[in-house]
Amino acid sequence: MTANGEEEFRPHARSNGSGSEPSVHQLRLFTILAEELHFGRSASRLFMSQPAFSKQIRVLERRLGLQLVERTSRIVELTPSGLALLPHARAVTEAMANLRHVAEVRSRENSGRIVVGTLAAEPAMPHTRLILDELHRLQPHLAIEMRSLNFINQYEALACGEVDVAFLRPPTPSGIQAHQLAEEPRLVCLPDGDPLAVQERLTLAELSDRTMVTMPPESPQIWRDFWAINPRPNGIPIRFGPLAVDVEGVLQAIARKQAIGFLPASARDFYPRPGIVYRELVDAPPCTMALTWFARNRDRLMSP
């Protein structure tokens, strides 16, 4: 206890004898929660879903063996333990952020490097190749490093500076800027042998009773809803099934006859698989492909 009776934060506290240390990521989530005092706003700042954010705070509390936050239906407040932890958490996260920033800047300045994130088959798309070829023509000494992303880290990688820009599939959450490059229809991907697979064209109403692949809760809600087409025009709730963190996971779940999924039309060419079929989805809005970046990094990226 401190002199004023508050519980003192002890960095080496353990819960249940597990010996698990809190991660820097969890401490960062806690510092943001301390600023916002609202789980929804805090999750939005990190492009996470609220359940995923709340889960990480609970894990942090278990690892420390301390209750850090008082939650009610109306307010969120830090406990005395949370207040004691806060300056330590800020010190750790700020030090790590500074270390990573210095390392990244030095690395990119010394090597003349740009890190480009891509999702799924985007590196093979014609517009992606054209842009990267033009960048190489304009900056022949610039090293272009490609980094594969997934449904979980695609936007967080931009926000934390892991990648400078990324070729992704909108919609993008607040804070991420996008320049649209192409538009294409969406297809429905079905297990081979599904009775509906005999039809070349399908409507959303015909697919109402099919189970959808679940996108990870860490991805933004606006993005998950778009790719599930949620809510449906007929108002029927969607039944969600197995979780997938990338396109390969989506295709595996479909091939095992566990679910269906909606994918860009180009997936038919890039992802032919035994056990699955692609069919036209006549009443779904199209999808786009875009070059994206974190809004706060725009000045740095655009500077000569």
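We number each residue from 1, following the sequence as shown.
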*Cation-pi between Arg169 and Phe226: NZ/CZ under 6.0 Å from ring centre and within 45° of the ring axis?*
no
*Is the backbone of Gly241 close enough, under 3.5 Å, to the side chain of Thr214 for a donor and an acceptor to pair up by distance?*
yes
*If two hydrophobic side chains count as joined below 4.5 Å and joins carry through other members, does Met289 share a cluster with Met146?*
yes
*To the nearest 0.5 Å, how far apart are SG in Cys189 and CG in Leu263?*
5.5 Å
_Taking CZ in Arg201 as the centre, count heavy atoms belonging to other residues, nucleotides or ligands within less than 6.0 Å. Is the count above 12?_
no
*asked:* Under the criterion side chain to side chain contact (heavy atoms under 4.5 Å, CB included), I'd like the reasoning laid out for Leu181 against Met125: C-alpha separation, chi angles, the key distance, then a yes or no.
replied: CA-CA 10 Å; Leu181 299 171; Met125 297 295 178; over 6 Å; no
*Find the distance between CD (Glu156) and OG (Ser219) and round it off to the nearest 0.5 Å.*
12.5 Å
*asked:* Donor-acceptor pair, distance only, cut-off 3.5 Å: does the side chain of Glu61 make one with the backbone of Val69?
replied: yes
*Taking the side chain as every heavy atom from C-beta outward, state whether Gln154 and Thr292 have any atom pair closer than 4.5 Å.*
no
*Kindly indicate whether the side chain of Asn230, heavy atoms from C-beta on, has any atom under 4.5 Å from the side chain of Met212.*
no
*Report whether Val59 and Ile32 are members of the same hydrophobic cluster (ILVMFWY, side-chain heavy atoms less than 4.5 Å apart, transitive linking).*
no
*Okay, side chain of Thr118, backbone of Pro123: is any donor-acceptor separation there less than 3.5 Å?*
no
*Backbone N or O of Ala157 within a donor-acceptor pair of the Arg147 side chain at under 3.5 Å?*
no
*So do Phe30 and Thr93 actually touch side chain to side chain, heavy atoms under 4.5 Å?*
no
*asked:* Measuring only between side-chain heavy atoms, which start at C-beta, is Phe151 closer than 4.5 Å to Val247?
replied: yes
*Do the side chains of Leu158 and Ile152 join up, straight or via other hydrophobic residues, at under 4.5 Å, putting them in one cluster?*
no
*asked:* Testing the basics here: between Leu27 and Ala89, what is the closest heavy-atom pair and its distance to 0.1 Å?
replied: CD2-CB, 4.1 Å
*List the steps and the verdict of side chain to side chain contact (heavy atoms under 4.5 Å, CB included) for Asp194 and Val277.*
CA-CA 9 Å; Asp194 187 297; Val277 294; over 6 Å; no
*His38 atom NE2: more than 12 heavy-atom contacts under 6.0 Å*: yes
*Are Phe53 and Ile57 close enough that some pair of their side-chain heavy atoms sits under 4.5 Å apart?*
yes
*Side-chain heavy atoms under 4.5 angstrom apart, residues restricted to Ile, Leu, Val, Met, Phe, Trp, Tyr: same cluster for Phe240 and Ile254?*
no
_Using a 3.5 Å distance criterion without hydrogens, assess whether the side chain of Ser44 forms a donor-acceptor pair with backbone atoms of Gly40._
yes
*Judged by atom type as modelled, is there a donor-acceptor pair below 3.5 Å linking the side chain of Arg268 to the main-chain atoms of Tyr278?*
yes
*Asp164 (side chain) donor-acceptor with Val115 (main chain) under 3.5 angstrom*: yes
*Just wondering, do Val116 and Leu135 contact through their side chains at under 4.5 Å, heavy atoms?*
no
*Is there a side-chain contact between Pro51 and Phe39 (heavy atoms, below 4.5 Å)?*
no
*So, Arg90 side chain and Thr31 main chain: donor-acceptor pair closer than 3.5 Å or not?*
no
*Tyr155 (side chain) donor-acceptor with Gly175 (main chain) under 3.5 angstrom*: no
*Are the ring centres of Phe47 and Trp223 closer than 6.0 Å?*
no
_Closest heavy-atom pair and its distance - Ser42, Leu33_ = OG-CA, 3.4 Å
*Expected output: side-chain Arg279 to main-chain Leu202 donor-acceptor under 3.5 Å*: no
*Indicate if Leu83 and Leu29 have the same hydrophobic cluster label, given that clusters are the connected sets of ILVMFWY residues with side-chain heavy-atom separations under 4.5 angstrom.*
yes
*Between Leu204 and Asn234, is any pair of side-chain heavy atoms under 4.5 Å apart?*
no
